[in-house]
Each structure stands twice: as C-alpha cells, then as structure tokens.
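Scroll down for the structure; my scribbles are underneath it.
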Protein chains: 2
Amino acid sequence: MSQTVDRALSILPLLAEGPADLGQVADRLGVHKSTALRLLRTLHEHGLVYRQSDQRYRLGARLFALAQEAVENLDVREIAHPHLTALNEKCGHTVHLAVYEENEVLYIDKVESRYPVRMYSRIGKPVAITVAAVAKLLLADLSEAERRAIAEKLDYPTYTARSTPNAGAFLKELAVVREQGWATDLGGHEESINCVGAPIRGADGRVVAAMSVSAPNVVVTAEELLTLLPLVRRTADAISREYSGAVPGSKEATTKAASKEAPTKEATSR
Amino acid sequence: MSQTVDRALSILPLLAEGPADLGQVADRLGVHKSTALRLLRTLHEHGLVYRQSDQRYRLGARLFALAQEAVENLDVREIAHPHLTALNEKCGHTVHLAVYEENEVLYIDKVESRYPVRMYSRIGKPVAITVAAVAKLLLADLSEAERRAIAEKLDYPTYTARSTPNAGAFLKELAVVREQGWATDLGGHEESINCVGAPIRGADGRVVAAMSVSAPNVVVTAEELLTLLPLVRRTADAISREYSGAVPGSKEATTKAASKEAPTKEATSR
DNA sequence: ATGACCGTTGCAACATTTGCAACGGCCTTC
DNA sequence: GAAGGCCGTTGCAAATGTTGCAACGGTCAT
C-alpha cells in the first residue's frame, strides 16, 4: 500500500539472511543506491538495522527488543509458563507452547527437558505446520472454510514416512483432532520423536494456543508417552481456566492491556 | 531521513506497549486516520503487525521469525575475526576464539602469532575443557546446576602440575571467573604456555563465545602476559557490542573515528 | 429508529521521494 | 607512483507517491 515503507520493510528479511552492503540491498530492492541508502538510514535511526565495522548492514538490536516485548505481551504465555514448567518437572520432557497467527504456527515458549530455559532464541520459530501436534490443534479450531483454504495452500514435505502426505489427509486428521480434543505427532517430523498435545481455550471456547510434550523414542515409547495424555490435557485445561477466568471485567481476553490503556492519549513525549 | 518510513517505524514501539486501535495510532503519530491506516496495512502485509479479532493492532509474528533468523545467521566468527587480527597485530601472540556446544568447547577461529593465518585445519578441535581459559569463560556463564552437572561428568587429566585436579577445584575456579569477568590458564595445559581470555556476550548478556591470547613462557612471562588483560577485555567488549548491535537512541563508540554522526533526529521538517 | 463512533475509500493538491550525476575516499592494478 | 575501478555519499530538479479531506457504510449504544 505504501511503496516507500514497503521497500524499507523488504530490507529486513533480506538482511535476516545475512549482512549485506549498500549495493546488494539496492540491487535486490530494484532501486538506486541513493534510495536504498536513505531507507537504510531511516531503519538505522530506529535501531532496526545496524552497521558493522565493515560498513555492511545487519539487523539491529532494537528488533530483538521489540520481538521480546511482543512475546512478553502475549498474555497466554505469561499465564501458561508456570504450568509448563510444572509439567516439565513432573514428566521431564520438553514442553512447547504455540500460537497460530497469519497462516503460521509459532512456538512462543519452550521448557527444555533439562534446563530451566531463557532460550528466547529458539522461540519464535515457525512450526512444521503439517505434522506438529500443536499445529493440528490450532488449525483444527478454525472454520471448515479456513481449514480447507489453508490446507490447499500448504506444502506437505515428507519429513519422514509418517508425515502428512497431502491436503486430504491433513484435513481428515484435523477433523479427528477437532473431535477428540487432543493431538499427536508420532514420528511425523523426526522419525524418533513423538509428541502429545492439547489445546488451550479462551473464555469463548476458541483455541488460543496449544501445548505439547515431546520425547525421543529412545527415552519413552509412543505408548508410554500417550499415558501422559491425561496429564497434558489437565495442564492445558488448567491454563484455559486461568486464562479465561482471570479477567472479571469486560468482554474478551485482553487482560492487562485494558488496565492502563484508556487514559493515555496525550501522555507521550520523546 | 524518510518521513513515511519514519512514521511507519514509529508505530512499532508504540504497539510494543500494548495493542492499540487505528485512532490511537493516528493520534500518537500526529497524522490522519487514513494515513495511519495505510501505514498499518503495509506493516501488516509484512507481518510486523497483527490484527486481533477486536480489530486492534499488535506486534506481529514475523518479528519473531526475523529475530530468530537473524540470530541463527549471526556469525560470531565473522564479526570477531577482524578484531582478532587487529589484536594479534598489536601484541603479536596467538589469538583464539571458542564457543561452547553440547558439552564441548571448540575453537572456531585462530590467528597465529605470526602468519595472518588460514589455518582452519586446527579450528573445530575440542579444547582442553578443564584448563583452557576460554573453556572456563564459557562454562562459567552456565547456570549453577549445569556447571555442577558438567563438572561432575568431566575427566580431569593432569596435563601439568598446574592442571585443574578435580570437579571441586574446577567449580571454584568457574566461580572466580564468573565473578571477575576474565580468565587465565597459567601452564595448566602445557607447562610453558600461558593464556589470558575474556568473554564475548550477546544482546541478552549471555556469553556466546570466548577469546584468549596465548604465549609461551620463553617469549613473555606470565606477568607480562597479564598486562595485556585490559587490551584483551577491550577487544572482547568491542566484539560483544558489534555482535549485539547498536543501542538505538544513544551515541555509539565502537571503532575508529565516529567522524560524521552529527545529524540528530531534530533535523526533521515541520 | 437515531446518533455516534470507527474503519474504509476515492480524489486532488501537495510534499516527499526518486534517480541522476558528480564527488571523494579506498583499494587494486598496471 | 599513477591510473582505474569500486563503493558510499550528497545536492538537485522532476515526478511520483503520499497526505488530508470528505463522504460512505457498518456496528453499537442510546
């Protein structure tokens, strides 16, 4: 819609691939060097882009700060986190939390099977959408039209022999997941890894996030992992309750945002 | 420099505070709703902004994906290398760069005491983890639980009389290193070789790599080598700064001459 | 049903952005 | 050591893209 901004923002994914100099940026944007320079300068002023000592550009620290702030503002994550760590302490395996947004499923939290986390670097990663348990859970909650539209657009990579092969199989699987209220990924992404997952629902009953427990074959068999299902579902339900029940006030789930939002209007400065 | 882009980017930190609707964004930008709408649309197309079901805008998913990708493609070695060679030219000794990975510490770069190097044959080699300065630096940053777990599992070969003898001594040494922010290896690996090292930290303050300067006794005594410590630390800090990217608002004092940095943000029109 | 609020769109005037050409620094090459 | 090439940078005029306005349609509360 806005050409200038569009060009400027196109620089970001370009730089995410690796550092680039002015000429490269200008070329890939299809604009003059001078134009690219001005865009980069503006990005630089906002800290989204950083200039290294060899004069090449790369993504800047502010971007990470923004991403982190955004993650923290996702209140599902805030509420879920203690439950996830508790679950991890009980079963010892890796626990994931994911949300659906704009045709993507992303991990927004993770508790490693050992360490107490802080790995902000790992979260934010797009999920293997056609096979992951959390992805199935999140997509299964969409309307049939949406599900079909998305299923058609997806690629179906054959990670393993058990990967979802095509749109038809995927839609069928989603229907099953939708019906039973939980999902698995048994070696569909990596041959030796199994997952069981359950949905987290908001006050209106819609799925707002999904969680899963993952473990390698060599530690527990798929059958053993499935025995954790009740525990996983109970945890997910506990999160759901807390998530939907926490806000006594108005309509929806935007908990703390509403509290200090309304009065501010002039309060900004520079 | 570019007004349009400048406005669009100003929306991001605004949204980081919490979700906002079109009117709020327009007000705080000081522009018309229609203008704000078009900017938001462009941001939305690029996934930097997400529109929740109540029509308000939030920071979007691609922000995470970008940060994630950037982190993965961030090459410490690439950034560090010029600094390492510069240090080598100043002091003449061998300079090492190492990272921790999967219970191992590996050299990932090395500048020989003479030649400008391309000795990639040596790098990739596991480090004597119980004695090397870089190993101490990398392990010292782990959580106490992790440190202990690793210390227990390690062997403590007696390379020399000064080698770290056992887990207890190692943990104690790690505590010291963690506290003082630098490390040494005085004849712990080879009787006649001394090292001083310093950590390289990422944007979140965690140690992502470690560097050290090594020299044989016959060239410089341990005391003389220690006089290089400030230089080593300064180099490591410079690499850290460059690795994490610049801080947005303030001035930056990274490398050589900050020749023409004058144009502050006041230069804008109106 | 009425009014208010909010997001959205087409349009014309305007300001902003764009590409160009030229400069200066740095490095390699002859 | 000079010549040539490469890269980032700047001022300028043309023109393209952006802006604010006014009006529309939808939703919600009165």
Side-chain angles (χ1 to χ4, degrees), chain A residues 1-11 14-15 18-46 49-58 204 249-252 254 257-258 261-265, chain B residues 1-11 14-15 19-46 49-58 82 85-86 89 116 246 252 254-270:
Chain A
M1 273 274 142
S2 169
Q3 191 191 66
T4 317
V5 177
D6 187 50
R7 285 174 172 166
L9 297 182
S10 300
I11 294 177
L14 192 157
L15 252 41
D21 62 27
L22 180 60
Q24 295 170 336
V25 172
D27 280 349
R28 291 197 48 180
L29 280 187
V31 298
H32 247 70
K33 291 173 193 175
S34 59
T35 305
L37 177 67
R38 284 182 284 249
L39 297 177
L40 280 165
R41 275 226 256 260
T42 310
L43 290 168
H44 180 82
E45 279 176 18
H46 285 258
V49 146
Y50 174 68
R51 195 152 198 202
Q52 6 184 94
S53 51
D54 63 353
Q55 297 227 312
R56 292 193 305 168
Y57 294 92
R58 49 160 280 235
D204 54 359
S250 56
K251 38 194 169 184
E252 276 179 351
T254 52
E261 190 57 50
T264 52
K265 189 167 192 177
Chain B
M1 273 275 140
S2 169
Q3 191 191 64
T4 317
V5 178
D6 187 50
R7 284 173 173 166
L9 297 183
S10 300
I11 294 177
L14 191 159
L15 253 41
D21 62 26
L22 180 59
Q24 294 170 336
V25 172
D27 279 350
R28 291 192 52 176
L29 279 188
V31 298
H32 218 75
K33 292 174 194 175
S34 59
T35 305
L37 177 67
R38 283 181 284 249
L39 296 178
L40 280 165
R41 274 227 255 262
T42 310
L43 290 168
H44 179 84
E45 279 175 17
H46 285 258
V49 146
Y50 173 66
R51 194 149 197 201
Q52 21 185 70
S53 49
D54 63 352
Q55 296 229 309
R56 293 194 303 169
Y57 294 92
R58 291 202 84 269
T85 54
E89 278 163 20
E252 35 192 319
T254 36
T255 48
K256 39 188 176 181
S259 52
K260 43 212 166 178
E261 191 61 5
T264 54
K265 60 181 67 172
E266 288 303 314
T268 45
S269 60
R270 272 181 197 254

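- Look at CG on A/D6: it is 11 Å from P on C/dT18, rounded to the nearest Å.
- Straight-line distance from the NE2 atom of B/H32 to the C1' atom of C/dG10: 13 Å, rounded to whole Å.
- Both A/Q24 and A/Q3 sit near DNA chain D, but only A/Q24 has its closest nucleotide nearer the 5' end.
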Trace of the side chain to side chain contact (heavy atoms under 4.5 Å, CB included) decision for B/T4 with A/T42: CA-CA 10 Å; B/T4 317; A/T42 310; over 6 Å; no
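- Residue A/S34 places no side-chain N or O under 4.0 Å from the OP1 or OP2 atom of C/dG19.
- Distance A/D54 CG to D/dG8 P: 10 Å, rounded to the nearest Å.
- Residue whose closest nucleotide on DNA chain C sits further toward the 5' end, between B/K33 and A/R38: B/K33.
- For the pair A/Q55 and D/dG8, the criterion of a side-chain N or O lying under 4.0 Å from OP1 or OP2 is not met.
- The distance from atom NE2 of B/H44 to atom C1' of C/dT8 is 15 Å, rounded to the nearest whole Å.
- The B/R51 side chain lies nearest to C/dG7 when the options are C/dG7, C/dT18, D/dG8.
- Between the side chain of B/E89 and the main chain of B/A86, no donor-acceptor pair closer than 3.5 Å is present.
- Between B/L39 and A/R41, the residue anchored closer to the 5' end of DNA chain D is A/R41, taking for each the nucleotide with the nearest heavy atom.
- For A/L37, the side-chain atoms get nearest to D/dT9 when compared with the rest of D/dG20, D/dT9, C/dG7.
- Rounded to a whole Å, the CG atom of B/L29 is 10 Å from the P atom of D/dT19.
- In this structure, CZ of A/R56 is placed 16 Å from C1' of D/dC6, rounded to the nearest angstrom.
- Scanning both residues, A/V49 and A/H44, for their nearest heavy atoms gives O-ND1, 3.3 Å.
- Here D/dT9 presents its C1' atom at 14 Å from CG of A/D21, a figure rounded to the nearest Å.
- As judged by a 4.0 angstrom heavy-atom cut-off over every strand, A/T4 is placed among residues touching the sugar-phosphate backbone only.
- In terms of heavy atoms, B/L39 sits closest to B/R7 at CD1-CB, 3.8 Å.
- Contact annotation: A/R7 reaches the phosphate of C/dT18 (side-chain N/O to OP1 or OP2, under 4.0 Å).
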Set out, in order, the CA-CA distance, both residues' side-chain angles and the distance that settles side chain to side chain contact (heavy atoms under 4.5 Å, CB included) for B/D6 and A/H46, then state yes or no. CA-CA 8 Å; B/D6 187 50; A/H46 285 258; 2.5 Å; yes
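- One atom, CG of B/D27, and another, P of C/dG7, lie 11 Å apart when rounded to the nearest Å.
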